[in-house]
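Within every chain, numbering begins at 1; the chains are lettered A, B, ... in the order of the sequence lines, protein sequences first and strands thereafter.
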Amino acid sequence: MKIEINEQRKDASCVHLAVIGEVNIHTSPDLRERLKPLLNAGHKEIHIDLSGVNFMDSAGIATLVEGLQWSRSTGGRFVLSGLTENVHDVFSLSKLDTVFEISEDSESA
Amino acid sequence: MEKHQPCELSCKLNSACDCIHILRSMVEVMGARVGMDDVQINRMVLAVDELFANINKHGYKGSCGTIELNAELGHDALKFVFRDYAPPIENPDDLQGRDIEQVRPGGLGLHLIDAVMDEFHHQAMSDGNRWVLVRYLKGEDSK
């Protein structure tokens, strides 16, 4: 199983990642590998578009928590957008829907 | 809701394989028969996926092992029984998820299972572990 991750750099400090597929224990390492260099590069804003993700498990959540913490430690923004109903439900079950900055509109993120 | 007929599905899986589609299919069949909506079915999929992943990661340490799953649809409940042949977990403390209020990566799987299911039991066997997840069909809105 693989996920598709499309990267778009809006400007020097802002990166937009669109994720397509299921983010689970098998695919979350791919997402982490794509996030790591972006976070290391010190981008001030990282937007993750999850409108193409129909399933996410705790491994996927953990990867995004890691990204959030890393981003916050450097004073950056880490924004999630386009959460499908099922993915938003997993964030709610995890009580993380109020911890992340979540935008409903994937286009504006 | 129409009265459904009890039924049962079973499969034997390799712990190291990506089995989410098999698990999802089993859960969807059961969930559809009792008229669960997409979010509720996704929650069931999440619970069985999390347990499968936990057995693989912590029981079999990522190596190949057998996991048997039996899904039983009764009149009042949907039950998923997992059986593995990894070292038995004797200490209940090993089954504790992390504090949900802590925002850090990892340790969420057991919490999610607990949040989704009405019952979650573990039994150490002489040759492995038996896990039972139960979702009551009465009071669908309780979870």
Side-chain angles (χ1 to χ4, degrees), chain A residues 1-3 20-36 39 46 48 50-73 78-80 83-102, chain B residues 13-25 27-28 31 36-62 67 97-117 120 135 141-143:
Chain A
M1 182 183 289
K2 289 188 176 180
I3 51 172
I20 300 167
E22 297 190 354
V23 186
N24 59 26
I25 194 168
H26 299 283
T27 60
S28 56
D30 293 342
L31 178 57
R32 188 177 188 277
E33 285 308 304
R34 290 294 292 271
L35 277 174
K36 206 161 61 171
L39 294 160
I46 295 177
I48 313 289
L50 296 173
S51 59
V53 176
N54 54 8
F55 181 82
M56 184 176 294
D57 68 7
S58 65
I61 294 269
T63 302
L64 294 175
V65 167
E66 197 175 7
L68 174 70
Q69 291 182 326
W70 206 333
S71 203
R72 281 185 177 171
S73 69
F78 192 84
V79 184
L80 307 180
L83 275 65
T84 59
E85 189 177 18
N86 284 338
V87 171
H88 197 284
D89 187 52
V90 179
F91 276 85
S92 299
L93 289 170
S94 310
K95 299 186 177 178
L96 289 168
D97 51 337
T98 55
V99 173
F100 280 90
E101 182 178 345
I102 296 176
Chain B
L13 302 167
N14 179 340
S15 66
C17 80
D18 175 7
C19 295
I20 184 65
H21 298 300
I22 298 168
L23 299 175
R24 181 189 298 277
S25 296
V27 175
E28 282 179 347
M36 280 185 179
D37 63 26
D38 184 50
V39 170
Q40 294 301 322
I41 289 175
N42 188 69
R43 286 184 171 192
M44 303 282 120
V45 173
L46 180 67
V48 298
D49 172 69
E50 292 291 348
L51 183 52
F52 188 90
N54 261 280
I55 293 170
N56 177 38
K57 184 176 180 182
H58 301 292
Y60 288 119
K61 310 293 184 193
I67 299 178
R98 69 159 168 79
D99 183 352
I100 190 64
E101 301 302 331
Q102 294 177 344
V103 181
R104 63 173 175 79
L108 265 178
L110 292 176
H111 167 76
L112 289 172
I113 295 170
D114 206 41
V116 167
M117 307 305 290
F120 177 29
R135 173 67 193 272
D141 295 331
S142 62
K143 284 277 183 177

Would B/Leu108 and A/Leu96 count as a side chain to side chain contact (heavy atoms under 4.5 Å, CB included) if you check the C-alpha gap in whole Å, the side-chain angles of each, and the deciding distance to 0.1 Å? CA-CA 11 Å; B/Leu108 265 178; A/Leu96 289 168; 4.1 Å; yes

Within 6.0 Å of CD in A/Glu85, more than 12 heavy atoms from elsewhere: no

Which bit of A/Asn54 comes within less than 4.5 Å of chain B, counting heavy atoms only: side chain, backbone, both or neither? backbone

Taking the side chain as every heavy atom from C-beta outward, state whether B/Asp49 and A/Ile25 have any pair of such atoms under 4.5 Å apart. no

Heavy-atom distances under 4.5 Å only: say whether B/Leu46 touches chain A with side chain, backbone, both or neither. both

B/Asn56, part contacting chain A, at a heavy-atom distance under 4.5 Å: neither

Expected output: side-chain B/Glu50 to main-chain A/Ser58 donor-acceptor under 3.5 Å: yes

Hey, could you give me the OG1/CG distance between A/Thr84 and B/Asn42, rounded to the nearest 0.5 Å? 8.0 Å

